[in-house]
Amino acid sequence: MTTNIPSNNEKPNKASGQDRPLNFLEQIITKDLQEGKHSQIVTRFPPEPNGYLHIGHAKSICLNFGLAERFGGVCNLRFDDTNPAKEDQEYIDSIIEDVKWLGFQWGQESNAEVKFASKYFDQFYEWALHLIHDNKAYVCHLSPDEARQYRGTLKEPGKNSPYRDRSKEENLAEFEKMRAGEYDEGACVLRAKIDMAAPNINLRDPILYRIRKQSHHQTGDQWCIYPTYDFAHGQEDAIEGITHSICTLEFADHRPLYEWFIENLPVPSQPTQYEFARLQLNYTVTSKRKLKQLVDEGHVDGWDDPRMPTISGMRRRGYTPRALRNFCDIIGVTKSDSQVDVGMLEYAVRDDLNDNAPRAMCVLQPLKLVITNFDEAGDGVESSGGEPTLWVTQPGHPNRPELGERKLPFTKEVYIERGDFTEDTSLSRKKFKRLVSGDYVRLRGAHVIKAERVEKDEAGEITEVHCTLVPNTVGANPPEGMKPRGVIHWVSATQHVNCQVRLYDRLFNDDAPDAGEKNFLDFINPDSLTIVDGAKAELSLRDAQLEQSYQFEREGYFTLDRRYSTETLPVFNRAIGLKDTWANKV
RNA sequence: UGGGGUGUAGCCAAGCGGUAAGGCAGCGGGUUUUGAUCCCGUCAUGCGAAGGUUCGAAUCCUUCCACCCCAGCCA
């Protein structure tokens with residue numbers, strides 16, 4: 001009678017990506033493999049540990065790990081931790097957790113270690129010396145302000161730094177002083193000597209090392225100079241034997257620099273950089289700064305608030321790794337800026353949950369229904385527990401018999417959804433397929449019933465609906481003339497689980513909350529969270545497990561909240577409602 | 001004429017000189033003890049625009065237009 005299913009009892013991933021056309025990166029890799037450029041591909045997912053991962057990172061993770069999986073290669077998880085000022089161990093832990101949860105494995109073996117850019121700091125330092133020896137790098141004492149002026153503008157060339165032509169010996173000595181901590185932050189930097197007139201600003205003597213007198217989460221106080229992204233990234237890739245270094249579009253301008261280092265340094269391999277368009281979702285904000293603001297200012301409950309587009313938030317909400325991976329697969333990978341409709345994400349979640357979530361019944365807004373002729377319920381009625389109960393059977397899943405069955409206690413008094421009853425007899429059968437005074441409806445899995453009369457309180461609100469059941473209609477159609485309007489869900493008024501239900505809606509009610517001059521906070525949806533107390537769930541939900549989703553029939557997909565659930569009061573988060581085509585027509 | 005990138009349906013996205021795949025959304029219908037799922041059908045004489053090459057162009061050439069990214073000692 002339990003509805004729990006083992007985690008390996010899932011329908012196979014629909015969108016495994018095997019029968020769709022190859023994206024441009026897959027085409028490149030296929031060619032590289034065919035031509036023998038590489039015998040095995042190596043990719044990497046290189047987050048900076050300065051925030052929580054979100055849906056956009058999921059796309060990158062699925063891309064990099066997915067490519068390795070598909071082509072029999074390897075993908076590293078590498079922290080690009082070159083800026084101690086912004087990073088923290090907390091983020092490293094959460095990132096590792098998120099990647100694991102998505103179901104990916106880094107490295108060659110199952111126990112492979114996570115990589116860190118900071119592990120290569122000694123090597124980077126050696127390579128910096130190498131460039132100085134080759135007269136391709138120099139220590140520059142221009143202030144940040146002066147450096148900006150020397151750099152020129154987008155349309156005008158820059159001019160050479162006065163420190164550009166120092167001798168090799170002087171540069172070596174100055175760089176040593178930088179490393180030894182003899183200069184303050186900002187006093188000087190090590191720069192590559194490339195071309196101050198280059199139309200690509202990244203080539204105008206870019207900075208290789210800057211001074212940061214901060215202790216680093218991995219290397220402690222070992223260094224006070226840290227390599228920049230540009231000087232570190234390609235070399236990290238080369239050290240790890242990365243074959244295809246995949247990053248987002250805004251780094252395309254850095255590629256010539258990436259290649260310059262690879263060509264001018266004795267690196268152990270020759271990685272190539274490719275760029276793809278980062279994910280943009282409408283009705284969603286994915287800038288780390290803005291997500292942090294939502295958390296810090298208390299607009300949400302934390303990084304894992306179920307309304308957040310963070311991986312941990314979506315996880316808590318009840319989205320599954322399969323849904324996220326399928327989503328990443330169906331949106332594709334290209335170089336064109338695009339804004340994906342969140343509807344696609346919601347589709348991926350529904351699609352997965354429909355296949356895999358066991359069914360259950362839960363009444364959110366209870367209305368008591370008294371079955372006056374319950375004694376005619378049939379032969380199976382038991383009274384062992386003191387109360388006459390008919391145990392009816394329902395499948396765990398309508399299309400997947402292997403998911404077993406549930407037994408539900410059907411009793412004289414049950415709860416139905418307040419919205420599933422009306423006294424308005426003028427509503428046609430087509431317009432209202434629920435319970436109407438004097439008409440018939442089926443209680444899912446149980447009898448067809450007829451609403452006979454209602455009881456109301458002083459305020460005129462309906463407190464009870466009295467009805468009669470049609471005998472012998474469990475698993476059978478009623479006699480002629482008693483055709484039910486529809487099927488509604490119910491829960492025994494005496495044998496159920498009290499719970500709280502949290503309904504979520506989009507966090508923003510504007511499709512581009514942070515576009516242009518807009519302030520995204522102005523578009524926070526005031527109805528993004530609705531807390532429903534006093535919901536009544538079927539008995540089997542007493543055993544609900546974390547990370548297990550259930551379909552509350554006719555309502556949507558729900559999962560236990562890891563934060564607010566207690567021993568006595570489970571809290572269910574609605575991941576997403578059922579598709580409701582009817583709502584569009586009324 | 002700074003440099004780089006991108007334009008195929010409401011939203012994604014195939015297409016790689018041979019006559020516009022697929023998915024999401026929508027619309028119409030069928031099945032259904034979930035207004036769900038599932039199934040069937042429908043949805044670009046048109047590929048940012050204009051010229052040109054060709055028997056044939058979304059694909060090649062020319063010009064133009066629009067949008068995105070770059071002037072952190074962030075990544």
Side-chain angles (χ1 to χ4, degrees), chain A residues 15 19-23 27 46-48 50 80 82-83 85-86 140 142-144 147-149 151-158 185-191 198-204 206-212 226 228-230 232-233 247-256 275 277 282 288 329-348 350-351 354-355 359 361 394 397-399 430-434 441-446 448 473-477 484 486-489 551-556 577-586:
Chain A
D19 44 12
R20 56 156 172 76
L22 264 33
N23 65 45
Q27 292 180 25
E48 183 187 18
N50 67 347
D80 208 3
T82 57
N83 185 1
K86 295 189 167 184
C140 179
L142 250 25
S143 71
R148 192 180 319 120
Q149 283 168 20
R151 193 155 36 229
T153 69
L154 292 177
K155 295 187 178 179
E156 299 154 17
E185 284 191 16
C188 53
V189 294
L190 182 72
R191 303 175 71 176
N200 180 342
I201 291 182
N202 293 299
L203 264 16
R204 318 239 262 231
I207 292 168
L208 274 38
Y209 266 97
R210 74 290 214 193
I211 298 167
R212 285 275 177 282
Y226 292 92
T228 55
Y229 165 85
D230 284 314
H233 207 91
C247 60
T248 43
L249 253 27
E250 68 270 26
F251 291 99
D253 285 344
H254 294 243
R255 188 171 359 110
E275 308 88 20
N282 61 11
K288 279 182 187 172
D329 201 65
I330 61 177
I331 58 174
V333 178
T334 67
K335 299 187 71 152
S336 52
D337 281 302
S338 56
Q339 193 175 56
V340 175
D341 191 334
V342 263
M344 287 263 226
L345 213 208
E346 295 171 345
Y347 160 78
R350 279 196 192 99
D351 190 45
N354 176 54
D355 280 348
R359 309 287 122 125
M361 292 198 281
Q394 275 290 279
H397 191 290
N399 313 320
K430 189 164 171 66
K431 269 194 170 160
F432 194 77
K433 304 168 74 164
R434 314 178 194 182
V441 83
R442 171 170 306 273
L443 294 180
R444 169 126 248 219
V448 170
T473 50
V474 178
N477 287 328
V487 181
I488 62 173
H489 59 284
Q551 184 198 91
F552 290 179
E553 291 192 271
R554 303 210 306 133
E555 293 293 346
L578 254 32
K579 184 177 174 187
D580 190 358
T581 46
W582 180 244
N584 299 332
K585 294 176 185 172
V586 285

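Just so we're on the same page: letters track the sequence lines, and every chain starts at 1. For the numbers below, each heavy atom of this structure counts, side chains included, while hydrogens, waters and symmetry mates do not.
Across all strands, A:Phe432 comes closer than 4.0 Å to base atoms (heavy-atom distances). Within the 4.0 angstrom heavy-atom criterion, base atoms lie near A:Pro398. When heavy atoms are screened at a 4.0 angstrom cut-off, A:Lys433 is found touching base atoms of the nucleic acid. Across all strands shown, A:Thr248 has no heavy atoms under 4.0 Å from either base or sugar-phosphate atoms. Heavy atoms of A:Ala476 sit under 4.0 angstrom from at least one base atom. Residue A:Gly556 is out of contact with every strand shown, counting any heavy-atom pair closer than 4.0 Å. Note on A:Arg151: only backbone sugar-phosphate atoms sit closer than 4.0 angstrom, heavy atoms only; bases stay farther off. Heavy atoms of A:Arg444 sit under 4.0 angstrom from at least one base atom. Using a 4.0 Å heavy-atom criterion, one finds that A:Asn83 contacts the sugar-phosphate atoms exclusively. The residue A:Phe251 sits close to a base: some heavy atom pair falls under 4.0 Å. Among the atoms of the strands shown, none is found under 4.0 Å from any heavy atom of A:Val342.
Summarising the geometry, the separation between CD on A:Glu346 and C1' on B:rG23 is reported as 16 Å, rounded to the nearest angstrom. Rounded to an integer number of Å, the gap from A:Asn282 CG to B:rC11 P is 10 Å. In this structure, CD of A:Glu553 is placed 17 Å from P of B:rU32, rounded to the nearest angstrom.
We find that the ring of A:Tyr229 and the base of B:rA75 do not stack by the test of centres under 5.5 angstrom and planes tilted less than 30°.
With hydrogens and angles ignored, no donor-acceptor pair closer than 3.5 Å exists between the side chain of A:Gln339 and the base of B:rC68. Contact of A:Arg350 with B:rU37 (side chain to base): no donor-acceptor pair of N or O atoms is detected under 3.5 Å. Between the side chain of A:Arg434 and the base of B:rG35, a donor-acceptor pair under 3.5 Å is found. Evaluation of atom-type donor-acceptor distances gives no pair under 3.5 Å for the side chain of A:Asn200 against the base of B:rG4. Residue side chain A:Arg442 reaches the base of B:rU33 through a donor-acceptor N/O pair under 3.5 Å, judged by distance alone. Side-chain N/O atoms of A:Gln551 and base N/O atoms of B:rU34 include a donor-acceptor pair closer than 3.5 Å.
As rounded to the nearest Å, B:rA25 and B:rA36 have P atoms that lie 13 Å from one another.
Regarding the sugar-base torsion, B:rG17 falls in the anti class, its angle being beyond 90° of 0.
Formation of a donor-acceptor pair under 3.5 Å by the A:Thr473 side chain with backbone atoms of A:Val448 is found in this model. When atom types are taken as modelled, the side chain of A:Arg444 and the backbone of A:His489 share no donor-acceptor pair closer than 3.5 angstrom.
Contact annotation: the side chain of A:Leu578 approaches that of A:Gln551 to within less than 4.5 Å [non-hydrogen atoms, C-beta and beyond]. Here the side chains of A:His233 and A:Asp80 are in contact, with some heavy-atom distance below 4.5 Å.
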